[in-house]
Amino acid sequence: MKPDSPSRVPTDVYLSFVSSLSGNRMTLLAGVIVHIATCLAIAFKTGTTLYLWLAAGFLLVFCARMIIFRQFDRVDKQTLSHAGIEHWERILVAGAACTTTLLGICSGYAIFMVHDSFSELASISVTMATMVSVVGRNYGSRMAVDLQTFSCCLPMIICSLMAMDFYRGILSIFLIPFWLTTRAMANGVREFLYENVIARREITSIADRFDTALNNMPHGLVMVDAENRIQVVNRKACELLKIGAPDRLKDRDLGAVLRYGARYNFMDSSQPELILRQMTHVAEGKLSRMLIHFPEDLSLEFSASRRADGGAVLIFEDVSSRVKAEQKILHMVRYDALTGLPNREYFSHLVQDYLNKHPKKRGPLGFMVLDIDEFKHVNDMRGHITGDRLLCAIANRIEERSRKAIVGRLMGDQFILFFPHAKDAEAMDAEIRRVHAEIQGNYEADDVTFLVSLSAGFAILESDAFAMDEWSIKADLALFESKSKERGGISGFEREMDGRYIEKQKLKADLRDAVAAGGLNIAYQPMFKADGSRIECAEALARWVHPEKGAIPPDVFIRLAEDMGIISDITRFILMKACMDCMTWPDHIAVSVNLSARDLRDNDILAVVSQALKNSGLSPDRLHLEITESCLIDEPAAVRAILAELRNSGITIAIDDFGTGFSSLSYLDTLPLDIIKIDRSFLRNIVEDGRRLKLLRGTVNLARELGLKIVTEGVETTEQLALLNKYRATDLVQGYVFSPPVPSQNIALLQEAIGRRTPVPRRRNNVA
């Protein structure tokens, strides 16, 4: 790498070369002393006064150069531009050239004029010695070398030739190759130093960049030799392992350094050896990575690679955040977010893990399912936040009282428990019943005390008969049995439940076939004016006659349909058929159809209702849609929006079974309602119990204040009807006092009969 000109040389390198021209000032002092002494000696020997002037000239030039050097020293080198450096180079070279010019004159004059051998020898010797020193002092400037050699040699060559001496002429010509050789030597030194300066600067730059990258990388790095002595370590490694400063660890044994960290309780005493052993396994390819957990929630992931010289490079990073995130995700996957209990899937894993750890243990195992009775009413009355807190309190108590049992949250308000081996079935039965009894009672949530009961079903089987799905079914069957008997009860699985379960499944299959084949029928229960003078509406009621079992009660097959998810298919069938049938009745009679909670979970019901009206040609004001409070539990806002859209289209909206829930009154001012249907439970003992009558009248008055129409269900006796009419407690009456459910064609016949005569109420004791 040869610098062709100063402009091609980097500024900092150029400045260092030029600065070398003002260096080695003691040699300049020694040189000027020699120069002056030589001139004085020649002057005394030959009596030539010129040498006295030359001695004075050497002294003056030296003093001038010292002054220039001082000025150059005071210059702020950092602010010098390339042109500024070049300017100072010319000044410094000029001073040096003055000295060599005086030397050339001294030698040339001795050759041409003095003709004294001492004078010639002394002057030429000093001049040649100075020429040699040019290479050592002025290699940094091509200009200095050229100018000084030229100014030295040219006077001697000219004077030798002017002396007209053949041999002196030959010797003077030999000064030319000497001049060129000196010049070449200086150029070689300068180019060599230039290349080394550039190379060193590049190496330094690379080293700085490497050091910056090494100490700013997010990973820790340790490079060791074949004896595990540290060769390179970055700051991140020292910070993560708490092993001191990097500059103090060079050539230290890695194991000793790690044991130092263990000594100060940063890591366990076994971890240094573990790191070294694992590092060897990773480097040999037996492991791809290793994860080691340290105190203070620090997790480091290590990887290593073997070097050709037998050493290794160990790289590690702080993965604490990732480990925590993975643990959090795993916890979210495995545990219920609300109660912190294992979810169903992880519960199964824990049970299976227990069985795998005790393969030879014998004895009965227990499996229990718990269901909180009427928990939805807590959400209705107090809101979901309070309901969630109550659920957490129940979960905590179940976990506390279950001792060694594995507890999980099944879904919603249901919990699942697995009881490990007991000595016999009686002990297991007692333990399960103890847990069930201890979790009943009062719970506190948001400063409110709740009396909570939990229904339970359980199964006790031997460990070799374990199958999670089978156990779940058995416990569910027992739970169903328990809930059908009493609130807060507990039932163990019995073989007869299997038969009932199979029968229920067969009934479900038959119901699915009946719905798909249109095998359901519809009966209509009329709603009369309170005086019985006219039928205003008829409620469509689904009926199913099983080919083998006969008529199946509506509350049985409707509940099955909801469990199976086919209730919407039944609703569609009833809507289509009821609208068609209504078109065959007198124009003033409307038809009423019940909607389930599932029907109102999305907007599909809007299309179904629209299609039924379109296919039948029925006017929207002749269609009533009835909902119950259960429709509002899941997504009340969405249900309100759907009901509002239906009502805006002209359809009448009624709330059915009013008064059976815990928060019915709160719905009256928020739902888009036209009619409330008073549940039959309001009429129980209404004749004998004056308080119940007051309750009924108060509810009716509240509804009328809100502009709602009243329909009273389940009116069975003339006494009940007389009381309702006496206090104007209803607008329409639905019940056996006027008519049971009848086929569609009977609605028109009943209305015709009413037109011909005044209806005579009949006493009936049976219930629809």
Side-chain angles (χ1 to χ4, degrees), residues 376 411-412 504-525 538-546 552-582 590-616 618 620 622-657 660-661 667 671-673 675 677 741 744:
K376 70 181 184 67
M411 60 179 181
K504 182 179 177 181
Q505 295 304 110
K506 185 177 184 304
L507 193 62
K508 284 184 176 181
D510 294 340
L511 177 59
R512 188 183 299 277
D513 293 340
V515 171
L520 300 183
N521 300 312
I522 301 179
Y524 297 91
Q525 186 161 28
E539 181 181 0
L541 303 172
R543 295 291 185 260
W544 179 32
V545 179
H546 192 277
I552 306 297
D555 59 335
V556 173
F557 75 82
I558 291 297
R559 188 181 300 115
L560 289 178
E562 289 176 342
D563 292 342
M564 297 163 61
I566 61 172
I567 189 65
S568 294
D569 295 331
I570 296 177
T571 301
R572 178 189 295 272
F573 164 76
I574 294 176
L575 267 171
M576 297 295 179
K577 184 73 166 62
C579 289
M580 289 288 189
D581 289 343
C582 188
V591 68
S592 184
V593 177
N594 290 280
L595 299 183
S596 72
R598 186 178 294 272
D599 294 326
L600 294 169
R601 286 182 182 173
D602 52 51
N603 292 330
D604 291 349
I605 189 63
L606 299 175
V608 173
V609 171
S610 177
Q611 188 66 38
L613 294 174
K614 181 179 178 181
N615 291 351
S616 63
L618 186 68
R622 294 183 65 190
L623 177 61
H624 296 190
L625 296 177
E626 300 183 15
I627 64 167
T628 60
E629 291 180 38
S630 61
C631 298
L632 304 166
I633 290 176
D634 293 334
E635 297 182 14
V639 171
R640 289 188 186 99
I642 293 173
L643 294 178
E645 189 166 346
L646 291 169
R647 189 167 183 260
N648 291 337
S649 66
I651 297 170
T652 299
I653 305 297
I655 185 164
D656 195 14
D657 299 332
T660 58
Y667 296 136
L671 286 176
L673 297 175
I675 297 173
K677 299 185 72 175
S744 172

Taking all non-hydrogen atoms of both residues into account, name the closest pair between [X] and [Y] and its distance.
| X | Y | result |
| --- | --- | --- |
| Leu673 | Ala654 | CD2-C, 4.4 Å |
| Leu646 | Leu625 | CD1-CD1, 3.7 Å |
| Met576 | Val608 | CE-O, 4.0 Å |
| Pro554 | Ala542 | CG-O, 4.0 Å |
| Ala578 | Ile522 | N-CD1, 4.3 Å |
| Asn615 | Met580 | O-CE, 3.6 Å |

Less than 4.5 Å apart, side chain to side chain, heavy atoms only: is that true for [X] and [Y]?
| X | Y | answer |
| --- | --- | --- |
| Leu511 | Met564 | yes |
| Asn603 | Ile642 | yes |
| Ile558 | Ile567 | yes |
| Gln525 | Leu541 | yes |
| Pro741 | Tyr524 | no |
| Asp510 | Phe557 | no |
| Ile655 | Ile675 | no |
| Val593 | Leu623 | yes |

Would you call Arg598 and Glu562 a salt bridge, using N to O less than 4.0 angstrom? no
Between [atom1] of [X] and [atom2] of [Y], what distance do you get to the nearest 0.5 Å?
| X | Y | atom1 | atom2 | answer |
| --- | --- | --- | --- | --- |
| Cys579 | Ile574 | SG | CD1 | 11.5 Å |
| Thr628 | Leu595 | OG1 | CG | 9.5 Å |
| Arg647 | Ile653 | CZ | CD1 | 8.0 Å |
| His624 | Asp656 | NE2 | CG | 13.5 Å |
| Leu643 | Leu600 | CG | CG | 5.5 Å |

If you apply the rule side chain to side chain contact (heavy atoms under 4.5 Å, CB included), what do you find for Asn594 with Glu539, and how did you get there? CA-CA 8 Å; Asn594 290 280; Glu539 181 181 0; 2.8 Å; yes
Leu575 and Ile605: side chain to side chain contact (heavy atoms under 4.5 Å, CB included), yes or no, with the steps? CA-CA 10 Å; Leu575 267 171; Ile605 189 63; 4.3 Å; yes
Mind checking side-chain hydrogen bond (donor to acceptor under 3.5 Å, both in side chains) for Arg622 and listing every partner two or more places apart, or none if nothing turns up? none
Looking only at side-chain N and O atoms, does Ser568 offer a donor or acceptor that is under 3.5 Å from a partner on Asp599? yes
Evaluate the criterion side chain to side chain contact (heavy atoms under 4.5 Å, CB included) for residue pair Gln611 and Arg572; output intermediate values, then yes/no. CA-CA 10 Å; Gln611 188 66 38; Arg572 178 189 295 272; 5.9 Å; no
Side chain to side chain contact (heavy atoms under 4.5 Å, CB included) between Glu645 and Leu606, worked out: CA-CA 8 Å; Glu645 189 166 346; Leu606 299 175; 3.4 Å; yes
